[in-house]
Structures are given as C-alpha cells and as structure tokens.
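So the structure is just underneath, and the comments pick up after that.
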Amino acid sequence: MEELRRALEVLENDPQVGAIVITGSQKAFAAGADIKEMQNKTFQECYSSGFLAGWDKVSTIRKPIIAAVNGYALGGGCELAMMCDIIYAGEKAQFGQPEILLGTIPGAGGTQRLTRAVGKSLAMEMVLTGDRISAMEAKEAGLVSKVFPVEKLLDAAIACAEKIASNSKLVAAMAKESVNTAFETTLAEGTRTEKRLFYATFATVSTGIGPIGDRKEGMTAFVEKRKANFTDS
C-alpha cells in the first residue's frame, strides 16, 4: 500500500494523466492484508501507529481511479477496490470481507463503503459470515458497474479510463468530488456541494492570453457541432 501510495502521488502530479487503472493478476486483484504481519500486533501498537491509516490515500486522489478486478478481492483487497471510483470485474472475480473468520472486523473501510454500496442486509451478511459474492452478484448489488470475460477486463478498464481522460481533467476532478459527496454526506449537503462545483465550472474561462476555459469550450463546441478541445483550464 505504501508503494501504491507513492505511485498514485506521481500520477496525481503528472498533468498528462487523466485517469488511473489499478489491477492485479488474473488470480487475485488483492487477496488482503498480510495476516502474519498482524498476528502478534497489540492494541497499543495499532492505535499508536495508526495501523492501516495510510490505506485511505487511494480514496483522496483527485483523478478518477478504476479498479479492474480479476480473481480474489478479499478483506483489504475488497476494501482497496471500494476506495476506487469505478469497479470493473472479470467474470470469475470474487468479493468478500472474511475478517470475522480471523476474529476481527474490517479495518480499512470495509464495513462503511460496503454498506453504502450494497445496502445493510447484504453488507451485514458478508461481514458477519465472511461469505464471498461473485462478480455477477456484485454487479446486481451495485458494487460493480460492469462484468467482462477475464481476458477482456483490463482492455475494457483502460478504454473507460481513456474516455474519461478525453474530457477536461479539471472538470472531471470536480465531478468526482461531487459524486463522492453524495456517497459520504447528506442529500442537502450534497446538493449544496454540487451547486458550488457546477458554478465553479463557469470560472473556467479565458484569461485573454490563452485558450478559452473548458466549460466555455465544451458548450461552444456543442453549439458549433464539433469535437471539444479541452485544455484542462
């Protein structure tokens, strides 16, 4: 996770990067945290060091992130996928929070993001039994947006990322922030945030010395029946 955090920071600061895909192997997206690492930890060690706190870095990246999940996404692996903005799954993928079977509970957002994604009943069932769900079950529950044959998954995720990256990177970050607000707060707070960010797109205007702003360019291109040329400004 520390290596992933560093990689994401590099991509976040690269103006050429418009979207990010995170994937594992065909056997496992990520099979979870290292149990041997945790086996002998004490409460004091976990609390004092903020154990797993750094994992949330994935969810704070402003650029859109797609999780391409093949195989197992269990425990911390499922939590990692849920920190991403879009989840695409291979048809053999399996999702689960099996921490209860180890005498503990999810510690990197599993009980929180899973409940928001699939609802209380299914989240409770998965967290309390440790049972896994298939890719299609995950799609039906709203955890996954699309399911693909294993060998086509990564190409599909990259195609989605390329489509996202063809839009204004600046406005994409605003759109991501607005959707995340819906996921994390109340309807009233979410609509207030949405309005503020919508108005903010009208501040993406020409300074008089460079290209026009992306909101103006997008609407002008639509009126002129041509493809927009976004400059992330």
Around Leu102, counting heavy atoms of other residues, nucleotides and ligands shown, do more than 12 lie under 6.0 Å from its CG? yes

If every non-hydrogen atom of Thr115 is compared with every non-hydrogen atom of Thr111, which pair is closest and at what distance? OG1-O, 2.5 Å

Pro98 versus Gly75, closest heavy-atom pair with distance: CD-N, 3.4 Å

May I ask you to list the residues sharing a hydrophobic cluster with Tyr72, side-chain cutoff 4.5 Å, ordered by chain and number? Leu74

Would you confirm whether Lys63, through its side chain, and Leu11, through its main-chain N or O, come within 3.5 Å as a donor-acceptor pair? yes

Determine which pairs satisfy ring pair (Phe, Tyr, Trp, His ring centres under 6.0 Å) with at least one residue from residues 155-183, sequence neighbours left out, and list them in order. none

Has Glu224 got more than 12 heavy atoms of other residues, nucleotides or ligands less than 6.0 Å from its CD? yes

Nearest non-hydrogen partners of Pro64 and Asp85, listed with the distance: CA-OD2, 3.3 Å

Please determine whether residues Leu143 and Met136 belong to a single hydrophobic cluster, defined as Ile, Leu, Val, Met, Phe, Trp and Tyr linked transitively by side-chain heavy-atom distances below 4.5 Å. yes

Shortest non-hydrogen separation from Ala228 to Gly218 and the atoms involved: CB-CA, 4.2 Å

For Arg215 and Thr201, which heavy atoms make the closest approach, and how far apart are they? CB-O, 3.0 Å

Any sub-3.5 Å donor-acceptor pair from Asn13's side-chain atoms to Glu9's backbone N or O? yes

Pairs where residues 161-173 contributes a residue and the test salt bridge (Lys or Arg N to Asp or Glu O under 4.0 Å) is met, not counting sequence neighbours: Lys169-Asp232

Counting distance only, does the side-chain N/O of Ser134 pair as donor-acceptor with the main-chain N or O of Gln94 below 3.5 Å? no

Within the supplied structure, the quantity of interest is the number of heavy atoms (other residues, nucleotides, ligands) at a distance under 6.0 Å from Lys57 NZ; does it exceed 12? yes

Any chance you could pull the hydrophobic cluster mates of Ile66, using side-chain heavy atoms under 4.5 angstrom and chaining through other members? Val21, Ile86, Tyr88, Phe148, Leu153, Leu154, Ile158, Ile164

hydrophobic_cluster_shared for Val17 and Ile65, side chain cutoff 4.5 Å: yes

Under a side-chain separation threshold of 4.5 Å, the hydrophobic residues clustered together with Met174 are Leu170, Leu197

State yes or no: do Val150 and Phe95 share one hydrophobic cluster built from I, L, V, M, F, W and Y residues joined by side-chain heavy-atom distances below 4.5 Å, directly or via other members? no

Checking the side chain of Glu99 only, and the main-chain atoms of Thr104 only, is there a donor and an acceptor separated by less than 3.5 Å? no

Can you tell me how far apart CD1 (Ile61) and SG (Cys84) are? Round to the nearest 0.5 Å. 10.5 Å

Whether the side chain of Ser48 engages the backbone of Glu45 through a donor-acceptor N/O pair (distance < 3.5 Å, no angle test) should be reported. no

Separation between CZ of Arg6 and CG of Leu4, rounded to the nearest 0.5 Å: 10.0 Å

Evaluate the criterion side chain to side chain contact (heavy atoms under 4.5 Å, CB included) for residue pair Glu177 and Asn180; output intermediate values, then yes/no. CA-CA 5 Å; Glu177 180 183 347; Asn180 276 335; 5.8 Å; no

Say whether Ile20 and Val171 are linked into one hydrophobic cluster, either directly or through other cluster members, by side-chain heavy-atom distances under 4.5 angstrom. no

Which heavy atom of Phe230 sits nearest to which heavy atom of Ser168, and what is that distance? CD1-N, 3.6 Å

Using atom types as modelled and distance alone, determine if a side-chain donor or acceptor of Asn70 lies under 3.5 Å from a backbone N or O of Phe29. no

Quick one: does Asp214's side chain have a donor or acceptor within less than 3.5 Å of a partner on Ser233's backbone? yes

Backbone N or O of Ala182 within a donor-acceptor pair of the Thr185 side chain at under 3.5 Å? no

OG1-CZ distance between Thr129 and Arg132, expressed to the nearest 0.5 angstrom: 11.5 Å

Assess whether atom CZ of Arg62 is packed by more than 12 heavy atoms of other residues, nucleotides or ligands within 6.0 Å. no

Could you identify which residues cluster with Leu101, counting Ile, Leu, Val, Met, Phe, Trp and Tyr as linked when any side-chain heavy atoms lie under 4.5 Å apart, either directly or through a chain of such contacts? Ile100

Applying side chain to side chain contact (heavy atoms under 4.5 Å, CB included), run through Met126 and Asp131 and close with a yes or a no. CA-CA 5 Å; Met126 291 174 67; Asp131 287 350; 5.8 Å; no

Counting distance only, does the side-chain N/O of Gln97 pair as donor-acceptor with the main-chain N or O of Pro106 below 3.5 Å? no

Looking at side-chain heavy atoms only, is the closest gap between Met83 and Arg113 below 4.5 Å? yes

Assess whether a salt bridge exists between Glu189 and Arg196, defined as any Lys/Arg side-chain N lying under 4.0 Å from an Asp/Glu carboxylate O. yes

Test item: Phe202 and Met219 side chains (from C-beta on) under 4.5 Å apart, heavy atoms: yes

Value for CD (Glu194) from OH (Tyr199), rounded to nearest 0.5 Å, stands at 10.0 Å

Is there a side chain to side chain contact (heavy atoms under 4.5 Å, CB included) between Leu80 and Val58? Walk through the geometry before answering. CA-CA 8 Å; Leu80 172 59; Val58 179; 3.8 Å; yes

Is it true that Glu12 and Arg5 have a side-chain N and a carboxylate O under 4.0 angstrom from each other? no

From CA spacing to verdict: salt bridge (Lys or Arg N to Asp or Glu O under 4.0 Å), Glu217, Arg226: CA-CA 10 Å; Glu217 166 63 13; Arg226 60 175 174 81; 2.7 Å; yes

